[in-house]
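Here is the naming used below: chain letters follow the sequence lines, and residue numbers restart at 1 for every chain.
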Amino acid sequence: MHVQDPSDFPPGLPPAMALPDDNPLLRGLNPEQYAAVTLPPQASLILAGAGSGKTRVLTTRIAWLLQTGQISPGGVMAVTFTNKASKEMLTRLGAMLPVNVRGMWIGTFHGLCNRFLRAHWKQANLPQSFQILDNGDTLSAVKRVIKGMNLDEERFVPKQVHWFIAGSKEDGLRPNDVVVHDGQSQKMVEIYQAYQDQCEREGVVDFAELMLRTYELMRDDPLLREHYQRRFRHILVDEFQDTNKLQYAWLKMFAGPQTAVMAVGDDDQSIYAFRGAQVGNMADFEREFRVQHVIKLERNYRSFGNILDAANHLIGHNSRRLGKNLRTEAGPGEPVRVQESASDFNEAQWILEELQQLHRAGMHRREMAILYRSNAQSRVIESALFNASIPYRVYGGLRFFERAEVKHALAYLRLIENCNDDTSYLRVVNFPTRGIGARTLEQLQDAARQSGRSLWQSVGAVGGKGGANLVAFNALVDSMRNETHGLTLREIIEHMLQRSGLIDFYRTEKEGADRIENLEELVTAAEAFVTQEGFGKDAIALPVDEHGPGQIADGSAAGLPNAVAAVDMTPDAETGEIMSPLAAFLTHAALEAGDNQAQAGQDAVQLMTVHSAKGLEFDAVFITGLEEGLFPHENAMSDADGLEEERRLMYVAITRARQRLYLSFSQTRMLHGQTKYHVKSRFFDELPETALKWLTPRNQGFGSGFARDYQAAWQRGSGLNSVVGAGRSSGWNPPAAPAMPPVPASMQASAAKAAGHGLRVGQGVFHTKFGEGVIVTLEGKGEDARAQVNFGRHGPKWLALSVAKLTPVD
DNA sequence: CTCCGAGACGCGTGT
DNA sequence: CGTCTCGGAG
């Protein structure tokens, strides 16, 4: 690994390009960024630290390539992992250059695959109107397969089977390619095969299939491969450290001998190994693409010094790094604040107070983020925010297009589009209820299975009342299709909502108001989609891409497309026919879980997992639940690899903060419906003490009681936390707090109950060998007294109190 | 067939 | 604690 010296760079470029100040595009770039943006058309690897201006480099690079005439819009592909990232890229690019970004291949891996398969559906052996299964759809499809094979769901857990199938596909393996170890894995492969057959029958593909199908078509069709390889002169890959085996192989298919691939990534931010990401792809890429230029972007433009010190110090505990350190010229800024709470409830309460102080001091709510390791942790915080009427927005969790009522509506739309979609059929055939019960559906599924046809096609095989109801349901869908023919997307959806009975159903429901609101939101979303994607009356096929200098002739002779429209409007390769707005909208719904249309635009506090925070930044960040078992998560604590990934995750979390960072942990937490006792995260031991400021007394934490914590909470309000750091860089001086109220009697009582052996559950103790821990359980009396103590790093231990020396920590 | 309540089970991260 | 599944009554 070598770093290009920016001073003698870029070598050998035309003079016009070497003058940075001449070109407004390049103004303000630092030497490394400048070098990256203006690299010659060869394979390159950009190691871009957090906050180092990575997106700026990517977009400026594309703009510069276009502006200098090195490529045409059609000659570049830029691929990201998230819709958020690709949208941002498009927006920024559009602001830099007057270019029709729509015609460019900029999107997520899955979005680009979709675009590719829409154009080549025939060669890919797909029906023209193939539908995409989201996670929920895939899971129910897997369940159906398992049921259909008469297998035990205990032995073949649908979730695990899905995991197995997706994992196999991400390794590029079809059922025949999977190596079988034993009877169990043999059966798994059979399920995989049956699932695949079912998908083929129904004309649907899952996320992994989008990637694999595209890869295979490119691999097996030399004409197609050559066309695309010659077409793309530049391919830029964002978040390269997150690519899996299949995505890397996919990239190699699209990158030809003349293609300059720029991989941008940060090994320290690799947090998706659990779903197959291979950081090793970075090293492989450097070798296999014979990378000449490796550039490190280490200058951070986001955070103050103390925050970066914390990040650098922490990540330094990882081995196997490519080696990179963030630096800033912004000064130390405020210290990183650390808060300990007695319970998750108290933690939420404390966050609430801090949020309000920041807001009163003038910070926008949207600039405050609360991060947690797992989605389940959001609930306590949400209810605290809700009760205090503080606007907030939750990312992840239930997304718009995943809500039950929205999925029902989409299922009707999908049936209108493709009536063989059994997943959708089963979802709404009896919703709202129309006298079609389990018995009838079983007969229907049996009939379908035997004839190898879809449920829709098999309704005739079921007799009796149920059979008649099925026929009536088919007729309903048919008439919806007929009646909406030629209508606008909005009209189609409104008609379907009425005709299906969904609206009427929710009107009579007790809690139906919210659901109706969401259904109306669906209409709005469709309307916005139509406007955005240009499906208006004057919609025309988007322009054919012009090939830049040195580009190949178009591939029309081979029946290949050289016209590329917006993601969902790709014309058919042969007929040039454009997808219907409905079909396009359904694709959109499957690929973009619908970030959450609801409270968008409002100035709201942002709640999300650390994973979904990647790529974002905020003025103030709270990292919550920093406890052993939670963060790092218990399932990842046992092996070194898992722990290193957790540490990278923590690194990502820390580097989201611009000005103020809070780290918070709690002694107790409601999990699985019961109270758990936790030790603070080991990550605290890996942070530089000089950058931290403990808001609660240091090392006196464990089990020191609710009363103390209660008092501390009030002391904090009285300005304790503003002593350090206030006035340094930001002007958030907390207002004076009210006088401290007396400690409630109930809390005093709980502290006083420490009778007997002088220990109680929740008590913090010190053991000479295991260190600090928390008493989780107490049993027995006198000589037999024993305690279960959770020592975090050493795990929970049973100790005989007559033998073990436990010193209360208080 | 539909509705409702009791009981089981889970919460690790995402396109 | 919340959601999903299953069993029995209407």
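Closest approach to the A/Thr108 side chain among B/dT2, B/dT15, B/dC1 is made by B/dT15 (side chain taken as heavy atoms from C-beta onward). Minimum atom distance to the side chain of A/Lys143 is reached by C/dT5, of the listed C/dC1, C/dT5, B/dT13.
Aromatic rings from A/Phe505 and A/Phe431 are positioned such that their centres are separated by under 6.0 Å. Checked against a 6.0 Å centroid threshold, the rings of A/Trp250 and A/Phe109 count as neighbours.
We find that CD of A/Gln131 is positioned 20 Å from P of B/dT15, with the value rounded to whole Å. The nearest whole Å value for the distance from the CG atom in A/Leu210 to the P atom in B/dT15 is 14 Å. When the P atom of B/dT15 is taken as reference, atom CZ of A/Arg213 falls 23 Å away, rounded to whole Å. Atom pair A/Phe505:CZ and B/dC3:C1' shows a separation of 11 Å (rounding to whole Å applied). Distance A/Glu645 CD to B/dT13 C1': 9 Å, rounded to the nearest Å. To the nearest angstrom, P of B/dG14 lies 9 Å from CD1 of A/Ile271.
The residue A/Phe81 sits close only to the backbone: its heavy atoms come under 4.0 Å of sugar-phosphate atoms, none of a base. Using a 4.0 Å heavy-atom cutoff across all strands shown, A/Asn375 reaches sugar-phosphate atoms only and no base atom. When heavy atoms are screened at a 4.0 angstrom cut-off, A/Phe109 is found touching no nucleic acid atom at all. Within the 4.0 angstrom heavy-atom criterion, only backbone atoms of the sugar-phosphate kind lie near A/Ala438; the bases stay farther away. A/Arg439 comes within 4.0 angstrom of sugar-phosphate atoms only, judged by non-hydrogen atoms across all strands, and of no base.
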Would you tabulate the nitrogen or oxygen pairs shorter than 3.5 Å linking the protein to nucleotides 6-11 of chain B?
from	atom 1	to	atom 2	distance (Å)
B/dC11	OP2	A/Lys159	NZ	2.6

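Looking only at distances, no side-chain donor or acceptor of A/Ser612 sits under 3.5 Å from a matching main-chain atom of A/Met608. Under the 3.5 Å distance criterion, the side-chain polar atoms of A/Asn114 are left unmatched by any main-chain donor or acceptor of A/His110.
The side-chain hydrogen bond (donor to acceptor under 3.5 Å, both in side chains) pairs that include a residue from residues 637-647 of chain A are A/Asn318-A/Arg647, A/Ser319-A/Glu644, A/Arg320-A/Asp641, A/Arg373-A/Glu646, A/Glu645-A/Arg648, A/Arg647-A/Glu686, where partners are two or more places apart or lie in different chains.
A distance of about 23 Å separates the C1' atoms of B/dC11 and C/dC6, rounded to the whole Å.
OP1 or OP2 of B/dT15 sits under 4.0 Å from a side-chain N or O of A/Arg399. For A/Thr82, no side-chain nitrogen or oxygen approaches OP1 or OP2 of B/dG14 to under 4.0 Å. Put simply, A/Asn244 has no side-chain N or O that comes within less than 4.0 Å of OP1 or OP2 on B/dT15.
Cation-pi geometry between A/Arg118 and A/Phe130 is satisfied (NZ or CZ under 6.0 Å from the ring centre, within 45° of the ring normal).
Contact of A/Glu646 with B/dG12 (side chain to base): a donor-acceptor pair of N or O atoms is detected under 3.5 Å.
A search for ring pair (Phe, Tyr, Trp, His ring centres under 6.0 Å) contacts involving A/Phe274 returns A/Tyr272, A/His611, not counting sequence neighbours.
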